[in-house]
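Scroll down for the structure; my scribbles are underneath it.
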Amino acid sequence: MRNSHYFLRSCFAFFFVLGLSQADQSIISHLQPQPLESFNLSLVQNVGSCYYTVAISTSCSSPRYTRDQISISFGDAYGNQIYTPRLDDPSAGTFERCSSDTFQISGPCAYQICYVYLYRSGRDGWKPDTVQISGYHSRTVTFTYNTFIPRDVWYGFNLCQNTSSALQQRTPKWFMYVILAVLASFIF
């Protein structure tokens with residue numbers, strides 16, 4: 001009888017932790033990009049000591065190509081901001097419909113990337129599908145746009161400022177290991 005109680009507790013803990021991870025995924029997938037009220041370039045540090053890989057896929061419903069100037073800014077919750085004033089290169093076929101472009105960007109070392117904003121200047125229009133960012137101190141994070149970027153507006157996601165954001169609520173791995181160790185001590 002005693003073992004069945006421990007088994008039930010273990011099952012409850014397992015499904016509770018599994019439920020948290022599933023809840024995080026559903027929250028992230030329902031977010032929509034928003035315009036940024038103000039963007040302060042003076043906060044950008046010109047120290048390039050870390051590298052980031054940024055992969056941007058352009059939607060198949062985007063114009064065939066764009067000559068628009070595309071800029072990106074992303075960072076973490078600690079004020080580490082990475083800014084690239086121009087990603088586009090029309091002569092190289094950057095941001096063509098149904099394509100994916102990958103960039104190596106240097107900037108200050110950031111921790112978990114939790115915001116990204118894109119800026120478009122020009123008349124052609126452009127519809128990114130996803131922006132995926134990875135760095136040495138950061139898990140790979142994917143932001144789903146799937147909408148046209150408005151002209152002359154910083155447009156994107158900020159999951160840092162909202163304390164209820166999915167990235168900040170995610171249960172740390174070390175905490176799950178502690179829970180599993182406690183449960184194992186009860187079973188054995």
Side-chain angles (χ1 to χ4, degrees), residues 19-59 61-62 66 68-88 94-95 100-122 125-173 175:
L20 284 177
S21 66
Q22 294 301 319
D24 286 349
Q25 292 173 3
S26 65
I27 291 170
I28 291 172
S29 67
H30 290 93
L31 295 176
Q32 296 295 315
Q34 301 294 318
L36 181 63
E37 298 297 323
S38 64
F39 181 65
N40 190 349
L41 280 175
S42 66
L43 297 176
V44 176
Q45 303 169 12
N46 290 326
V47 179
S49 54
C50 284
Y51 287 91
Y52 302 88
T53 301
V54 177
I56 301 175
S57 64
T58 298
S59 172
S61 58
S62 187
T66 187
D68 296 349
Q69 179 177 334
I70 307 297
S71 304
I72 189 170
S73 179
F74 58 91
D76 65 14
Y78 302 101
N80 297 303
Q81 184 174 7
I82 298 89
Y83 166 71
T84 300
R86 190 151 194 180
L87 291 173
D88 57 295
T94 311
F95 304 128
S100 182
D101 299 287
T102 303
F103 306 91
Q104 294 297 317
I105 298 174
S106 67
C109 294
Y111 295 98
Q112 182 58 49
I113 301 300
C114 56
Y115 72 85
V116 63
Y117 286 94
L118 295 171
Y119 185 89
R120 181 186 69 82
S121 178
W126 177 56
K127 183 179 181 182
D129 188 25
T130 61
V131 175
Q132 186 176 67
I133 304 169
S134 59
Y136 181 75
H137 298 289
S138 177
R139 291 185 317 269
T140 299
V141 61
T142 302
F143 299 90
T144 302
Y145 276 82
N146 198 27
T147 189
F148 283 93
I149 302 298
R151 183 173 160 184
D152 299 326
V153 174
W154 284 101
Y155 198 64
F157 301 88
N158 186 347
L159 305 178
C160 307
Q161 65 186 357
N162 185 355
T163 57
S164 65
S165 77
L167 289 177
Q168 291 180 0
Q169 281 187 349
R170 182 165 287 153
T171 306
K173 285 184 182 179
F175 184 70

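Note that this is a predicted model, so its numbers are computed, not measured.
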Set out, in order, the CA-CA distance, both residues' side-chain angles and the distance that settles side chain to side chain donor-acceptor pair (under 3.5 Å) for T130 and S57, then state yes or no.
CA-CA 5 Å; T130 61; S57 64; 2.8 Å; yes
So, for [X] and [Y], which heavy atoms are closest and what is the spacing to 0.1 Å?
X: Q32; Y: Q34; answer: O-NE2, 3.4 Å
X: A110; Y: H137; answer: O-CB, 3.2 Å
X: G107; Y: I82; answer: CA-CG1, 4.3 Å

Kindly compute the distance separating [atom1] ([X]) from [atom2] ([Y]), expressed to the nearest 0.5 Å.
X: C109; Y: Y52; atom1: SG; atom2: OH; value: 5.5 Å
X: Y136; Y: C50; atom1: OH; atom2: SG; value: 9.0 Å
X: C160; Y: Y111; atom1: SG; atom2: OH; value: 14.0 Å
X: D129; Y: N146; atom1: CG; atom2: CG; value: 5.0 Å
X: C114; Y: L159; atom1: SG; atom2: CG; value: 7.0 Å

N/O donor-acceptor pair under 3.5 Å between [X] side chain and [Y] backbone:
X: T84; Y: R86; result: no
X: S134; Y: T140; result: no
X: D101; Y: F95; result: yes
X: Q69; Y: P85; result: yes
X: N80; Y: G75; result: no

Can you pull out every salt bridge (Lys or Arg N to Asp or Glu O under 4.0 Å) where at least one residue sits in residues 106-121? Sequence neighbours excluded, please.
D68-R120
Note, [X] side chain near [Y] side chain (heavy atom, < 4.5 Å):
X: K127; Y: I149; value: no
X: Y119; Y: V153; value: no
X: S100; Y: T58; value: no
X: Y115; Y: D76; value: no
X: I105; Y: L87; value: yes
X: F143; Y: I133; value: yes
X: L118; Y: V131; value: yes
X: V116; Y: V141; value: no

Looking at F103, I want to see if its CZ is surrounded by more than 12 non-hydrogen atoms of other residues, nucleotides or ligands under 6.0 Å.
yes
Test side chain to side chain donor-acceptor pair (under 3.5 Å) on Q104 and T53 and set out the steps.
CA-CA 5 Å; Q104 294 297 317; T53 301; 3.0 Å; yes
For the residue pair F157 and Y145, does the interplanar ring angle fall in the parallel (under 30°), tilted (30 to 60°) or perpendicular (over 60°) class?
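The rings of F157 and Y145 stand perpendicular, inter-plane angle above 60°.
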Between T147 and Y155, does the side chain to side chain contact (heavy atoms under 4.5 Å, CB included) criterion hold? Intermediate values first, please.
CA-CA 10 Å; T147 189; Y155 198 64; 3.8 Å; yes
What pairs with Y117 under ring pair (Phe, Tyr, Trp, His ring centres under 6.0 Å), at least two apart in sequence or on another chain?
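Partners of Y117 by the ring pair (Phe, Tyr, Trp, His ring centres under 6.0 Å) criterion come out as none, since no residue qualifies.
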Can S73 and W154 be said to form a side chain to side chain donor-acceptor pair (under 3.5 Å), step by step?
CA-CA 9 Å; S73 179; W154 284 101; over 6 Å; no
